[in-house]
Structures are given as C-alpha cells and as structure tokens.
Trainee: 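Before I ask anything, let me first share the structure, which is written out below as structure tokens.
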Protein chains: 2
Amino acid sequence: MPVNSRPPTILDIAEAAGVSKTTVSRVLNGSARVAPETRTRVRDAIARLGFQVNLAARSLRTSRTGLVGLLVPVISIFGLIVESLDGQLAEHGLGVLLTSSRRRDAPRDLDSLEMLVGRGVDALVLAPSDDRSPELARYLRSLRTPMVLLDREVRGVACDAVLVDHAPALLAAVRHLVDDGRQMIGLITRNDRTRPGRELVAGFAAACAAAGLAPSSTHVAEFVDLDQQAAQTGVDTLLDRGVDAIIATGTLALTAGILERLAQHGVGVPSEVSLVTWGHAGPENLETGLPTIAYPVEEVARLTARLVLSRIEGSTATPRVEVTRTVFLPGDVPLHAAVG
Amino acid sequence: MPVNSRPPTILDIAEAAGVSKTTVSRVLNGSARVAPETRTRVRDAIARLGFQVNLAARSLRTSRTGLVGLLVPVISIFGLIVESLDGQLAEHGLGVLLTSSRRRDAPRDLDSLEMLVGRGVDALVLAPSDDRSPELARYLRSLRTPMVLLDREVRGVACDAVLVDHAPALLAAVRHLVDDGRQMIGLITRNDRTRPGRELVAGFAAACAAAGLAPSSTHVAEFVDLDQQAAQTGVDTLLDRGVDAIIATGTLALTAGILERLAQHGVGVPSEVSLVTWGHAGPENLETGLPTIAYPVEEVARLTARLVLSRIEGSTATPRVEVTRTVFLPGDVPLHAAVG
DNA sequence: TTGAAAGCGATACCAT
DNA sequence: ATGGTATCGCTTTCAA
C-alpha cells in the first residue's frame with residue numbers, strides 16, 4: 001500500500017464508495033436520508049482510507065469552528081475548571097482555545113479576547129481579571145459570539161453566567177469560629193475588581209453582623225495578588241488588629257504563606273489563632289485538615305458546559321444565570337505543625 | 001453607518017480601496033511587491049471597515065491553522081508553563097489548543113492527541129502521562145506534525161524535546177542535608193511512567209552515593225498521584241525506615257500534606273526531620289522558606305516556544321534537544337509552624 | 001506593481 | 001434516496 005502524499009478528501013471517499021460527495025457529506029453529518037446499505041459502504045471507505053474531515057473547509061462553509069474560547073486570569077488557579085470543561089466539551093467535539101491574561105488588567109483581557117474572537121470561536125467562556133472595565137463592557141456588547149461569564153458581572157452586558165454564592169459558606173464559617181469562642185475574625189481576600197472579590201467582602205461583613213460580632217472586629221486585607229506578599233502583609237495587619245481567627249480565601253500557596261507567617265510570629269494554630277482555608281470541593285483534592293471553604297469546581301464546570309452547549313446548538317433564549325455555592329467544611333483534623 | 005450583517009471580506013476591502021483581492025492579500029501577508037501608496041489605501045480600508053481575515057478560509061488555502069496543540073497530564077500543575085508558552089506563541093500569532101489527559105493513562109493521552117491532530121494543529125507540545133506506552137510511540141511515529149516533548153522520552157520517536165536535568169539540584173540538596181548532619185534521606189516522588197519520575201529516582205540514588213550515604217539509607221516512595229494519599233503513605237513509610245530528612249518532589253499540596261502528616265506524628269521540622277520541597281523558579285511564586293528544588297518554568301517555556309516556532313517556520317533540521325535544569329535553593333528561613 | 005482566475009475541501013440548495 | 005453545482009474567503013500561479 002503506497003503512502004498517500006495527500007490526505008484523502010470526501011471526493012476520494014465518494015469515488016471509493018461509488019457515490020457522490022453529497023452522500024458522503026450526509027453520512028458524515030448523520031443525515032437520516034441515506035440508505036443503510038449506502039451508509040455502510042461509505043463508512044467502510046472512510047475507515048479504509050483513514051479519512052478525516054478537513055475542519056478548515058467545513059468551517060469556511062458553515063462559519064462555525066467547533067472551538068470555544070476560554071479566558072482566565074491565571075491558568076494554575078483555574079486548572080481544575082479548565083480541565084473539567086475541556087473534558088465535557090470534548091465529548092461534544094468541541095475544542096478549547098485557552099488564553100490567560102496572566103493575572104493582569106483590562107487591556108490584557110482585551111488583547112486576549114480579540115485574539116479569541118479573531119479566531120472565530122463559536123462561544124466564549126470568560127473570567128476577565130477586571131469585570132468593571134468599561135472598555136471590556138463596550139467590547140463584549142459589540143460581540144455577537146455567545147458567551148458565558150465565570151463568576152463575573154459585567155455591567156450592561158446581558159449574557160449567560162455561572163455565579164458562585166459565597167454567603168452561606170462564610171456564614172457557616174463565621175458561626176463555626178464564634179461557636180469555638182473566637183471574637184475577632186479577619187479576612188484575607190483578593191481585590192474587588194472581580195465579582196468573587198466583592199462578594200467575599202460583602203458576605204463576610206454580613207456573616208459577622210449575623211453572628212453578632214461588633215463591626216469593628218471584621219477586618220479585610222485586600223491585595224492585588226494572592227502571593228507571599230499578601231500572606232505576610234495580611235497576617236501582620238490582622239494580628240496588629242488583634243484577630244483570633246483568619247479566613248483566607250486564596251490558593252494553597254496563600255495558606256502556606258499564612259501558616260509560615262503565623263509561625264514566624266510564634267502564633268499557634270489553632271490554639272491562638274484559628275485558620276479557615278480555601279480549597280476545591282471534590283475527592284481528588286488534598287485536604288489540609290483545616291476548616292475549609294470549598295469551591296464547587298466540577299459543578300461550575302458542568303453548569304458552564306451546559307450553557308455553552310445550549311448556545312452553540314443555537315439557543316437564542318433570554319440570558320440564563322446559574323448559581324451555585326461554596327460549602328464550608330469544618331475540617332476534622334486541625335493542622336498541627338510542630339515547632340522546629 | 002449601517003450595521004453590516006456580514007463581516008467584510010477581502011473583496012469588500014478591495015473594492016473600498018479600488019484594488020484587486022490579490023493586492024489586498026499581498027498587503028495582508030506583508031508582501032514587498034506592493035506600492036507604498038497602495039498599501040496605505042488598503043490599510044485604511046481595512047481599518048475603516050474593521051476587516052479581520054477569515055482564518056478558516058486562509059487555513060483551507062494554506063493548510064496551516066496557526067494552532068499549536070498542547071497535551072499535559074494536569075493543567076493546574078503545568079499552569080505556569082502553559083501560560084508562559086501561550087504568551088510567547090501569541091506574540092507570533094499562534095493560538096494554543098489545550099487538552100489534558102487528566103492525570104490518566106496512555107489511552108487517554110491518545111484520545112486527546114487524536115483530537116488535536118484531527119483539528120490540524122501546526123505543531124504539538126506533548127507531556128503525555130505515560131511516555132513508555134508502545135501505542136503512543138507508534139502513533140507519534142505515524143505523525144507528520146512537528147512536535148516537541150516536554151521532559152519526556154518516547155522510544156523510537158526522534159523529535160525535538162526540552163529536557164530537565166534533575167541531578168545537579170538533587171546532588172546539592174543531598175549535600176546540604178548531609179552537611180546539616182542528616183544521615184538517612186528519603187525521597188517522595190512520582191511514578192516512573194514519565195522521564196522526570198525516572199530521573200528523580202536515579203538522580204537521588206546517585207546523589208546519595210556521591211555524598212557517601214550507605215545505599216540502604218536511600219528510600220523511595222512512589223505513587224501514582226501526588227495527593228494526600230501519597231503524602232501520608234510516603235511519610236509513614238519513610239519514618240518507619242528511620243529517615244531524618246525528606247525530599248518531596250511534588251506540588252505545594254504534597255508539601256502541605258507532608259507537613260501535616262509529620263505534625264500528626266509529632267515530628268518537628270526541621271529539628272527532627274528536614275524537609276526539602278519542590279517549587280517553581282521565579283519571583284512571582286510564593287516561597288515557603290524551606291529549602292527548595294526549583295523548577296525552571298520560564299526557561300522550559302522559552303526553550304519550547306523557540307523549538308516550536310522554528311519548526312513552524314519550516315525548519316526540517318535534525319531533531320534538537322534542549323536541556324535545562326532544576327536548581328537547589330537552600331532556603332533562608334526554615335518553616336516553623338507552631339504547635340496548636 | 002497589479003490583476004484574473006483557479007482551487008483548497010467541505011456544505012447546502014435544488015433537482016431528479 | 002441521491003447527485004450536480006454553486007459557494008464559503010482566501011492564497012497562489014500566471015500574465016500583463
């Protein structure tokens with residue numbers, strides 16, 4: 001068998017199966033109007049010649065790419081969501097074109113967005129790093145591409161969204177701490193340029209109020225990046241204000257940084273200061289044993305995939321907003337790290 | 001200005017600029033054979049009408065997609081590399097089609113790969129979760145798409161690769177521990193289905209030998225996934241064998257799990273057991289203060305991008321292998337986490 | 001320096 | 001149920 005220099009096209013298949021291009025196309029697209037026997041012949045030919053549709057050609061004709069554009073601020077953080085989304089979309093023959101704004105600002109978001117749109121993605125899944133940017137809002141409004149916002153609210157843009165409600169988990173966390181005798185709780189959280197940042201601050205304030213804590217005892221330290229700097233400054237600030245508990249809504253790296261800083265100050269956890277961490281819901285993930293606010297990764301991915309698929313299948317229904325929530329896990333085993 | 005129902009094509013531009021499609025195409029592709037004045041007129045028209053090339057059409061004609069396929073086992077772990085790669089490739093107008101085999105096996109790798117190839121990517125960047133699979137090797141051999149392996153070695157496949165040398169860092173780490181008085185070092189590392197897993201084990205053994213440690217004092221605990229299970233079992237096994245130092249070559253989650261397990265055993269760090277962790281090289285990343293083996297994320301991404309670009313530009317040179325290395329950072333501040 | 005026309009590989013309409 | 005043909009938007013000879 002000679003090595004074909006050129007990959008087979010539907011015309012090759014048509015000839016091999018003794019039918020027309022049209023019929024091959026029908027088989028490819030699962031049209032019902034094909035005789036079973038013909039379908040078999042075509043399928044055989046496809047398998048025999050190792051035919052694969054040329055997606056560029058199909059795309060040109062149908063003006064659909066089978067690609068979903070994904071914009072996230074930091075890939076490592078959104079990794080599990082991206083992964084889950086990728087898996088679900090792949091089941092429907094959709095590919096994921098990924099871009100990260102690398103934890104930056106609105107202009108960076110726009111650049112990435114334009115690249116995705118320029119490639120003609122069929123839908124966008126967006127977690128811009130600044131959902132308050134007017135330029136972003138204007139740009140999104142100008143798009144016809146269907147889109148789903150990932151826990152973001154962009155003013156004046158009516159589109160599908162998956163939102164995460166942080167209030168119940170914060171309420172539970174604060175209750176847990178208060179029941180444990182804590183009276184002054186501090187929050188270390190992200191900046192307010194995206195919805196979760198704002199919701200966490202608001203939800204925390206509400207939770208403290210509901211738990212009967214004096215307003216003065218709620219402290220918020222906000223940082224642009226949830227890195228070492230955030231951990232150190234956050235801990236120092238909060239200790240300074242006399243907190244006896246900290247809720248940290250960031251990555252495991254933030255948690256580690258906070259633990260280290262507390263250790264440097266000689267503060268015992270949880271004896272002197274309680275720590276509530278942030279994690280992913282799901283069996284696969286390492287639990288530190290600390291009380292944790294768990295983010296519903298799979299759920300978010302599932303809801304997002306569903307919305308995307310429905311739009312790609314052509315739904316023009318009014319924008320839908322799905323809401324899910326973080327969950328507070330009390331944590332069975334407190335983290336006791338021994339003194340060196 | 002009426003809203004165009006249909007996005008402008010080069011024909012629209014051609015008419016608006018009073019030239020032919022051909023000329024517009026020449027401008028688009030930066031051909032030298034265009035009069036400066038003509039070029040300007042065309043550029044104006046492009047800007048005025050908000051024209052964007054239809055990549056599907058271009059792709060059909062040139063049989064290049066401008067897409068690079070990326071296969072990684074776990075997105076969160078490869079996040080920084082993906083991000084950096086994405087950024088560099090974007091500068092050259094290339095998009096990244098991402099797939100993860102979700103920490104699974106060879107069949108999963110193959111599925112993802114076929115999807116990427118089916119989409120006609122111009123190049124592949126691969127970190128399969130099992131680089132010893134014969135099926136994978138056979139499949140890769142059958143491909144014409146240029147590819148770059150990310151710290152993987154696939155038998156019988158001659159292609160570009162970026163490899164990471166772990167030996168020097170391990171040597172330095174072991175020396176550091178021995179100088180510190182440690183005599184029995186354990187290693188907690190990943191499975192041997194990929195190159196880094198094998199290299200770490202081999203490098204560790206060599207380092208121990210070079211440091212004059214008895215062979216019996218080197219212990220390796222291998223796990224499929226570097227999660228909580230790995231941390232607990234690894235720590236238990238190693239303590240059981242009487243180690244006074246542990247080198248953990250996994251994510252921050254593994255480190256956290258190990259710290260926790262040690263704490264549960266009431267073992268002080270570093271007083272009783274020293275811990276060397278694994279991290280990313282670079283200023284952006286949180287350092288725990290513990291001695292660390294740092295992975296050269298940016299360097300790997302840069303080398304990879306360079307290899308990819310060179311192939312995409314048509315290089316048919318003999319396969320190139322770039323080698324970089326992890327670096328041992330002694331760590332200034334040991335992690336003292338206070339007892340609760 | 002510029003343009004006319006062919007063609008990339010599919011799909012979709014209209015016949016039969 | 002099947003086939004012929006125009007067409008999607010661009011690049012690429014080949015001529016002028």
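Protein chains get the first letters and strands the later ones, always in sequence-line order, with residue 1 at the start of each.
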Trainee: Considering only side-chain heavy atoms of A35(B), which listed nucleotide, dT1(C), dG9(D), dT12(D), is closest?
Mentor: dT1(C)

Trainee: Can you check whether T23(A) has a side-chain N or O nearer than 4.0 Å to OP1 or OP2 of dG3(D)?
Mentor: yes

Trainee: Report the distance from atom CG of N29(B) to atom P of dG9(D), rounded to the nearest whole Å.
Mentor: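 One finds 17 Å between P of dG9(D) and CG of N29(B), rounded.
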
Trainee: Select from R58(A) and E37(B) the residue whose nearest nucleotide in DNA chain C is closer to the 5' end of that strand.
Mentor: E37(B)

Trainee: If you assign V34(B) and A57(B) each to the DNA chain C nucleotide with the nearest heavy atom, which residue ends up on the more 5' nucleotide?
Mentor: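 Here V34(B) is the residue nearer the 5' end.
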
Trainee: Quick check on dC8(D): is either OP1 or OP2 less than 4.0 Å from any side-chain nitrogen or oxygen of N54(B)?
Mentor: no

Trainee: Just the rounded figure in Å: distance from P of dC8(D) to CG of L11(B).
Mentor: 10 Å

Trainee: Among the nucleotides dT1(C), dA10(C), dG9(D), which one has an atom lying closest to any side-chain atom of T38(B)?
Mentor: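 Closest nucleotide among those given: dT1(C).
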
Trainee: When you look at CZ of R155(A), are more than 12 heavy atoms from neighbouring residues, nucleotides or ligands closer to it than 6.0 Å?
Mentor: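 Open.
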
Trainee: Mark yes or no for whether T65(B), through its side chain, and G120(B), through its backbone, hold a donor-acceptor pair below 3.5 Å.
Mentor: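 A pair under 3.5 Å: yes.
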
Trainee: Quick check for you: among dT1(C), dT11(D), dG9(D), whose closest atom lies nearest to any side-chain atom of K21(B)?
Mentor: dT11(D)

Trainee: Rounded to whole Å, how long is the line connecting atom CD of Q52(A) with atom P of dC8(C)?
Mentor: 19 Å

Trainee: Taking the minimum atom-to-atom distance to the side chain of R61(A), which one of dT11(C), dG3(D), dT2(D) wins?
Mentor: dT11(C)

Trainee: Ignoring the backbone of R33(A), work out which of dT5(D), dA1(D), dG9(C) is nearest its side chain.
Mentor: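 Nearest listed nucleotide: dA1(D).
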
Trainee: What integer distance in Å separates E15(B):CD from dA4(C):C1'?
Mentor: 15 Å

Trainee: Just how far, in rounded Å, is P of dC8(C) from CZ of R64(B)?
Mentor: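 Distance, rounded to whole Å: 19 Å.
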
Trainee: Should we count CZ of R64(B) as having more than 12 external heavy atoms under 6.0 Å?
Mentor: no

Trainee: May I ask you to check whether over 12 heavy atoms, not counting those of R320(A), lie within 6.0 Å of atom CZ?
Mentor: no

Trainee: Would you mind telling me which residue lines up with the more 5' stretch of DNA chain D, V53(B) or R26(B), judged by nearest nucleotide?
Mentor: V53(B)

Trainee: Considering the options V125(B), L113(B), L110(B), L150(B), which one meets the side chain to side chain contact (heavy atoms under 4.5 Å, CB included) requirement together with L71(B)?
Mentor: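 Only one of V125(B), L113(B), L110(B), L150(B) forms a side chain to side chain contact (heavy atoms under 4.5 Å, CB included) with L71(B), namely L113(B).
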
Trainee: Can a side chain N or O of T22(B) be found less than 4.0 Å away from OP1 or OP2 on dT2(C)?
Mentor: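 T22(B) to dT2(C) OP1/OP2: no side-chain N or O under 4.0 Å.
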
Trainee: Establish, from distance only, whether the side-chain atoms of D131(A) and T194(A) form a donor-acceptor pair under 3.5 Å.
Mentor: no

Trainee: Measure CZ/R6(B) against P/dG9(D) and give the value in whole Å, please.
Mentor: 6 Å

Trainee: Could you tell me how far apart L28(B) (CG) and dT12(D) (C1') are, to the nearest whole angstrom?
Mentor: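 After rounding, the gap between these two atoms is 14 Å.
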
Trainee: Would you tell me if any nitrogen or oxygen in the side chain of S20(A) comes within less than 4.0 Å of OP1 or OP2 on dG3(D)?
Mentor: yes

Trainee: Within this structure, what is the CG-to-C1' distance between L55(A) and dG9(D), rounded to whole angstrom?
Mentor: 17 Å

Trainee: Heavy atoms from C-beta onward define the side chain here; which of dT11(D), dC10(D), dG3(C) lies closest to that of T62(B)?
Mentor: dT11(D)

